[in-house]
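A short write-up of the structure that comes next.
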Amino acid sequence: MNKVRTRIAPSPTGDPHVGTAYIALFNRCFAHQHGGEFVLRIEDTDQQRSTDKSEQDILSSLKWLGLSWDEGPGCEGDAGPYRQSERSEIYSNHIQQLLDNGSAFRCFCTSERLDELRKQQMQDKAQPGYDGHCLKLSQQQCESKYAAAQSHVIRMKIPDSGECEFTDMLRGKVSIAWSQVDMQVLIKSDGMPTYHFANVVDDHLMEISHVIRGEEWINSTPKHILLYQYFGWQAPEFCHMPLLRNPDKSKLSKRKNPTSIGYYEAMGYLPEALLNYLGMMGWTMPSGEEKFFLSEMEANFDISRVSLGGPIFDIEKLDWLNGKYIREELTDAEFTKRFAAWAFAPEKVAQIVPLLKQRVERFSDVASLGSFFIDGSLEISETSFAHKAIDSSQAAKILQFTLWKLEALEELGRDAVEEELQALAAKFELKIKDFLFPLFVALSGKAVSTSVIESIVILGIDITRARIRQAILVLGGISKKQAKALEKEFRNF
RNA sequence: GUCCCCUUCGUCUAGUGGCCUAGGACACCGGGUUUUCAUCCCGGCAACAGGGGUUCGAAACCCCUAGGGGACGCCA
């Protein structure tokens with residue numbers, strides 16, 4: 001029996017997501033329970049969206065949670081490099097094999113043609129997918145286009161009949177007809193591999209024995225299995241975990257819930273409590289005990305105890321559990337130390353002090369002026385937003401537009417934030433002073449406070465988002481219909 | 001629209017054919033402890049989606065229906 005090796009393969013294209021931590025947790029537990037290894041690989045093949053900052057944030061969030069990896073960036077093993085952008089040569093060698101043995105082909109279709117095709121298929125209520133146009137190209141045609149350096153992708157061939165049957169560790173046999181599977185692009189026109197290709201090649205080369213991933217991958221598993229066959233490799237075991245959900249049961253998303261691990265850190269949750277909470281999403285200790293540490297989960301782990309209904313991420317229960325950890329696990333001395341490290345992190349204090357210093361007359365003024373920097377949620381009501389020039393719906397709109405602008409920013413820098421806010425105020429045809437008013441209330445709970453721009457930067461996007469959301473809710477919320485209209489207006493702003 | 005997956009209290013779940021008048025936890029409601037509040041303790045509320053089978057026996061196995069979710073990108 002080969003060694004058990006599992007992996008988590010995050011894509012550094014955004015905030016570190018609790019779903020990533022969730023899947024990482026189960027992979028780590030499974031590997032360690034079997035005396036195996038847990039690998040971390042960065043899937044940064046999307047050159048447009050991948051950023052170094054996101055990668056750093058993801059790595060540090062996983063570390064914060066205690067989800068360290070046995071092999072990966074910063075912990076090199078024999079199977080590196082662990083960043084897909086550094087493995088280009090490997091992919092080009094491997095795609096050549098598929099081209100040579102006829103299981104992949106070059107496709108010169110333009111994206112315009114493909115869009116048109118998809119539109120037509122949708123209209124005909126057919127399964128959308130590539131129609132095999134370039135498969136009909138003669139070898140000569142293909143070569144001349146290639147020689148002319150015409151932009152193209154490489155796709156995999158798919159059997160035209162029958163079905164793919166595979167065994168999921170939790171669900172048993174799953175079968176999907178090949179007619180449902182698209183001729184997946186393997187290499188993009190920029191030369192980078194797609195997820196599907198890089199993932200299979202890397203999992204094989206890194207000797208991953210069990211692929212434990214989210215349920216959203218079930219439908220593409222046939223493509224992956226077929227790729228293993230094309231290469232003549234043995235496929236790993238597959239296990240699809242249920243997806244974490246919003247309270248409305250849709251897939252957990254930041255539009256509806258705080259999903260960033262950074263948010264939970266900024267809100268003062270204990271990493272061990274958050275991790276414990278994730279461990280009880282779809283899983284229970286054989287003993288039924290609800291409070292357990294990572295080491296206990298690993299020692300008692302049994303993948304067959306995973307239940308398949310998608311669990312709703314319920315902050316109330318997390319709050320209870322976190323409180324339990326604080327009460328039962330922290331001595332007064334530890335509490336002091338950890339609270340101080342959280343609230344008075346030197347880099348944070350260094351940013352806050354200059355703002356407070358110029359406004360206080362006594363140290364005793366500091367707490368009331370600066371408390372919003374460490375508060376969780378603020379006590380505000382609709383009357384907090386009463387203003388001579390701005391009514392509730394206008395305030396909600398200002399808040400929503402500001403949030404969208406801030407979210408689009410790659411980095412929340414002081415100057416960038418100021419620029420965005422100034423521009424928005426001008427578009428609203430409001431004096432900056434009036435425009436900023438709802439933001440002051442939403443972020444600090446008061447109409448008068450330290451610079452809102454600096455405050456946004458210090459609070460960070462996660463807390464800023466949560467407060468703006470809460471404020472909009474307090475102001476009566478935005479209905480789905482309104483949101484649609486606002487989004488349209490925002491785009492044309 | 002097509003395909004795939006899923007379905008036990010409001011929520012997280014236990015349950016692998018008899019131990020189930022379905023257990024625990026969160027939330028909620030009551031009571032006790034506490035100078036208040038919280039903690040803590042005690043109690044209460046509350047679910048097998050529906051319909052057919054299989055079986056001596058079904059929450060568990062099979063089928064159908066319904067509901068929910070996901071996938072259908074040169075994103076992962």
Side-chain angles (χ1 to χ4, degrees), chain A residues 9-14 17 19-20 42-50 84 107-111 114-115 118 121-130 151-155 163-164 166 168 170-199 213-223 240-252 276-291 304-324 326-328:
Chain A
S11 169
T13 54
H17 198 281
T20 304
I42 298 290
E43 307 225 326
D44 54 353
T45 55
D46 184 338
Q47 306 215 278
Q48 266 80 49
R49 296 198 303 145
S50 297
Q84 289 184 331
C107 167
F108 299 88
C109 292
T110 61
S111 49
L114 295 174
D115 287 346
R118 186 164 299 118
Q121 287 166 328
M122 290 290 219
Q123 223 168 59
D124 299 347
K125 297 183 175 175
Q127 167 76 10
Y130 186 62
S151 168
H152 69 285
V153 300
I154 299 175
R155 292 176 182 274
E163 52 184 33
C164 176
F166 62 94
D168 179 281
L170 295 171
R171 295 155 211 267
K173 291 209 185 312
V174 176
S175 57
I176 293 170
W178 287 117
S179 61
Q180 294 297 320
V181 181
D182 198 10
M183 294 179 221
Q184 180 63 47
V185 170
L186 265 19
I187 301 290
K188 300 183 255 189
S189 56
D190 66 0
M192 290 297 269
T194 56
Y195 165 85
H196 302 279
F197 185 65
N199 191 264
R213 59 185 2 172
E215 195 179 358
E216 75 253 51
W217 296 108
I218 292 184
N219 287 281
S220 35
T221 303
K223 291 173 191 170
H240 294 94
M241 295 287 297
L243 258 23
L244 261 23
R245 316 272 192 106
N246 296 311
D248 68 1
K249 293 189 193 287
S250 56
K251 176 172 155 180
L252 190 64
N276 184 162
Y277 182 68
L278 289 173
M280 56 200 256
M281 299 272 85
W283 193 79
T284 46
M285 275 294 223
S287 67
E289 179 58 52
E290 288 198 290
K291 185 175 152 212
S304 71
R305 293 187 65 81
V306 170
S307 66
L308 261 15
I312 290 170
F313 194 93
D314 174 18
I315 293 185
E316 264 179 3
K317 189 148 184 178
L318 170 61
D319 286 342
W320 162 77
L321 190 65
N322 200 65
K324 197 171 160 72
I326 286 179
R327 273 175 262 121
E328 296 174 6

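Please read these numbers as outputs of a predicted model, since none were measured by experiment. Naming convention: chains lettered A, B, ... in sequence-line order (proteins, then strands); numbering from 1 in each chain.
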How does protein reach along nucleotides 10-15 of chain B, written 5' to 3' as B (base within reach of a heavy atom under 4.0 Å), S (only sugar-phosphate), or - (no contact)? -SBSSS
Say you pick atom [atom1] in [N] and the same atom in [M]; how far apart are they, in whole Å?
{"N": "C12(B)", "M": "A27(B)", "atom1": "P", "result": "15 Å"}
{"N": "C26(B)", "M": "G44(B)", "atom1": "P", "result": "15 Å"}
{"N": "G10(B)", "M": "G53(B)", "atom1": "C1'", "result": "33 Å"}
{"N": "G69(B)", "M": "U11(B)", "atom1": "P", "result": "13 Å"}
{"N": "C28(B)", "M": "A46(B)", "atom1": "C1'", "result": "10 Å"}
{"N": "U13(B)", "M": "C9(B)", "atom1": "C1'", "result": "10 Å"}
{"N": "A25(B)", "M": "U8(B)", "atom1": "C1'", "result": "15 Å"}
{"N": "U39(B)", "M": "A76(B)", "atom1": "P", "result": "47 Å"}

What's the closest nucleotide to the [X] side chain, out of [options]?
{"X": "Thr194(A)", "options": "A25(B), A76(B), G73(B)", "value": "A76(B)"}
{"X": "Trp320(A)", "options": "C26(B), C6(B), C4(B)", "value": "C26(B)"}
{"X": "Lys251(A)", "options": "C72(B), A71(B), C5(B)", "value": "A71(B)"}
{"X": "Ile176(A)", "options": "C3(B), C75(B), G73(B)", "value": "C3(B)"}
{"X": "Gln127(A)", "options": "G68(B), G70(B), U2(B)", "value": "U2(B)"}

It should be established whether [X] places a side-chain nitrogen or oxygen under 4.0 Å from OP1 or OP2 of nucleotide [N].
{"X": "Arg118(A)", "N": "G73(B)", "result": "yes"}
{"X": "Thr45(A)", "N": "A76(B)", "result": "yes"}
{"X": "Lys188(A)", "N": "A76(B)", "result": "yes"}

Using a strict threshold of under 4.0 Å (side-chain N to carboxylate O), is an ion pair present between Asp46(A) and Arg49(A)?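 Between Asp46(A) and Arg49(A) there is a salt bridge, with a charged N closer than 4.0 Å to a carboxylate O.
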Do Glu328(A) and Lys291(A) sit within salt-bridge range, that is, some charged N less than 4.0 Å from a carboxylate O?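 A salt bridge is present here (some side-chain N lies under 4.0 Å from a carboxylate O).
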Rounded to whole Å, CD of Gln184(A) lies from C1' of G73(B) at a distance of 8 Å
Could you state the atom-to-atom distance from CD of Gln121(A) to C1' of G1(B) in whole Å?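 Spelled out: CD on Gln121(A) to C1' on G1(B) is 12 Å.
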Mind checking [X] for me? I need base, sugar-phosphate or nothing, with any heavy atom below 4.0 Å counting as a touch.
{"X": "Val185(A)", "value": "sugar-phosphate"}
{"X": "Cys109(A)", "value": "base"}
{"X": "Leu318(A)", "value": "nothing"}

